[in-house]
Amino acid sequence: MKNIPNISDAEWEVMKICWLKSAPCTANEIVKALEQSAAWKPNTIKTLIGRLVKKGALGFQEEGRVYLYNPLVTEEECIQAESKSFLARVFGGALKPMLVTFLQEEKLSQDDIEELKQLLEERKE
């Protein structure tokens, strides 16, 4: 597995915009998308884009005076890395205590319970 950079919560918001687009996007497109959902100024968003490029999470290509940004890591890779990091930090890497905590604290629908049972049965085999 390739090295996935550590992405902050704010950077995660930028990445979500890039993952949603099927084609590379400009900084202005990212700014416009985030201005609707976050109270960030354009320079803040451009700083976040620059950090993601330095971390290797975003790549870019220059077309004239415009930079087109594209994700270099997938959302799934980042979710997996964040999950492992969370599990290690909060539960010492032990999966069972985390599952027990979530199952005790969260309300689950009958469909959720059936899906979890099915997943556990598949893992059993």
Side-chain angles (χ1 to χ4, degrees):
M1 185 171 136
K2 64 182 173 184
N3 190 21
I4 305 299
N6 185 18
I7 299 172
S8 72
D9 291 345
E11 292 165 346
W12 194 270
E13 294 303 314
V14 172
M15 291 300 295
K16 283 198 286 191
I17 300 300
C18 295
W19 288 322
L20 283 173
K21 300 234 180 220
S22 57
C25 48
T26 66
N28 286 338
E29 289 173 325
I30 298 169
V31 167
K32 189 175 284 188
L34 284 173
E35 280 181 330
Q36 297 168 0
S37 62
W40 296 333
K41 298 204 180 296
N43 283 345
T44 301
I45 297 168
K46 289 176 183 175
T47 297
L48 294 170
I49 292 169
R51 286 184 193 165
L52 288 164
V53 168
K54 284 181 185 170
K55 289 181 176 186
L58 282 181
F60 69 91
Q61 60 192 50
E62 198 174 346
E63 285 193 9
R65 295 181 52 160
V66 176
Y67 286 84
L68 296 172
Y69 297 94
N70 60 294
L72 297 178
V73 292
T74 67
E75 186 174 14
E76 293 78 22
E77 289 171 324
C78 289
I79 289 171
Q80 189 175 35
E82 285 294 319
S83 298
K84 287 180 180 180
S85 173
F86 172 78
L87 187 63
R89 279 191 330 270
V90 178
F91 294 96
L95 183 59
K96 183 180 173 185
M98 182 195 76
L99 288 173
V100 169
T101 299
F102 282 110
L103 290 172
Q104 289 174 340
E105 299 297 323
E106 297 297 320
K107 290 193 180 256
L108 297 173
S109 69
Q110 193 59 41
D111 286 343
D112 291 338
I113 293 169
E114 291 303 319
E115 188 176 348
L116 288 170
K117 282 182 183 177
Q118 184 179 355
L119 287 169
L120 289 171
E121 281 300 318
E122 289 171 5
R123 290 296 301 260
K124 200 179 196 182
E125 297 171 359

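Checked by atom type, the side-chain pair Gln110/Glu114 shows a donor-acceptor distance below 3.5 Å.
Listed for the Trp40 side chain is no donor-acceptor partner under 3.5 Å among the backbone atoms of Val31. With Ser85 contributing its side chain and Ala81 its backbone, the two residues share no donor-acceptor pair below 3.5 Å.
Enclosure of atom CZ in Arg123 is not indicated, since only 12 or fewer non-hydrogen atoms of other residues, nucleotides or ligands lie within 6.0 angstrom.
A 4.5 Å side-chain heavy-atom check between Met15 and Val73 finds at least one atom pair inside the cut-off.
Between Leu108 and Leu103 the shortest heavy-atom distance is CD1-CD2, 3.4 Å. Contact detail for Cys25 and Ile30: the closest heavy-atom pair is SG-CG1, 3.7 Å. Closest approach of Pro71 to Cys18, counting heavy atoms only: CG-O, 3.9 Å.
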Hey, can you pull the donor-acceptor pairs under 3.5 Å for the side chains in residues 57-64, sequence neighbours left out?
residue : atom : partner : partner atom : Å
Gln61   : NE2  : Glu63   : OE2          : 3.3

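Residue pairs that meet the salt bridge (charged side-chain N to carboxylate O under 4.0 Å, His left out) test with at least one member in residues 100-113, sequence neighbours left out, do not exist here. Residue pairs meeting the ring-ring contact (aromatic ring centres under 6.0 Å, His included) criterion with at least one partner in residues 95-125, sequence neighbours excluded, do not occur; the list is empty. Identified under the salt bridge (charged side-chain N to carboxylate O under 4.0 Å, His left out) test for residues 24-37, with sequence neighbours left out: none. Among pairs with a residue in residues 5-14, those fulfilling side-chain hydrogen bond (donor to acceptor under 3.5 Å, both in side chains) read Ser8-Glu11, Glu11-Lys55, Glu13-Lys16, at least two apart in sequence or across chains. Sorted by first then second residue, the side-chain hydrogen bond (donor to acceptor under 3.5 Å, both in side chains) pairs that include residues 64-76, not counting sequence neighbours, are Thr74-Glu77.
Both Ile79 and Leu52 belong to a common hydrophobic cluster when Ile, Leu, Val, Met, Phe, Trp and Tyr are linked at side-chain heavy-atom distances under 4.5 angstrom. Cluster membership for Val53 and Leu34, using ILVMFWY side-chain heavy atoms within less than 4.5 angstrom, is shared. The same ILVMFWY cluster, assembled from side-chain heavy atoms under 4.5 Å apart, contains both Ile4 and Trp19. The hydrophobic clustering, which links ILVMFWY residues whose side-chain heavy atoms are closer than 4.5 Å, places Phe91 and Val100 apart.
Expressed to the nearest 0.5 Å, how far CD of Glu82 lies from CG of Leu87 amounts to 12.5 Å. Taking CD1 of Ile7 as the reference point, atom CG of Leu48 lies at 11.5 Å (rounded to 0.5 Å). Between atom OG1 of residue Thr44 and atom NZ of residue Lys46 there is a gap of 11.0 Å, rounded to the nearest 0.5 Å. The distance from atom CE of Met98 to atom CG of Leu95, rounded to the nearest 0.5 Å, is 5.0 Å.
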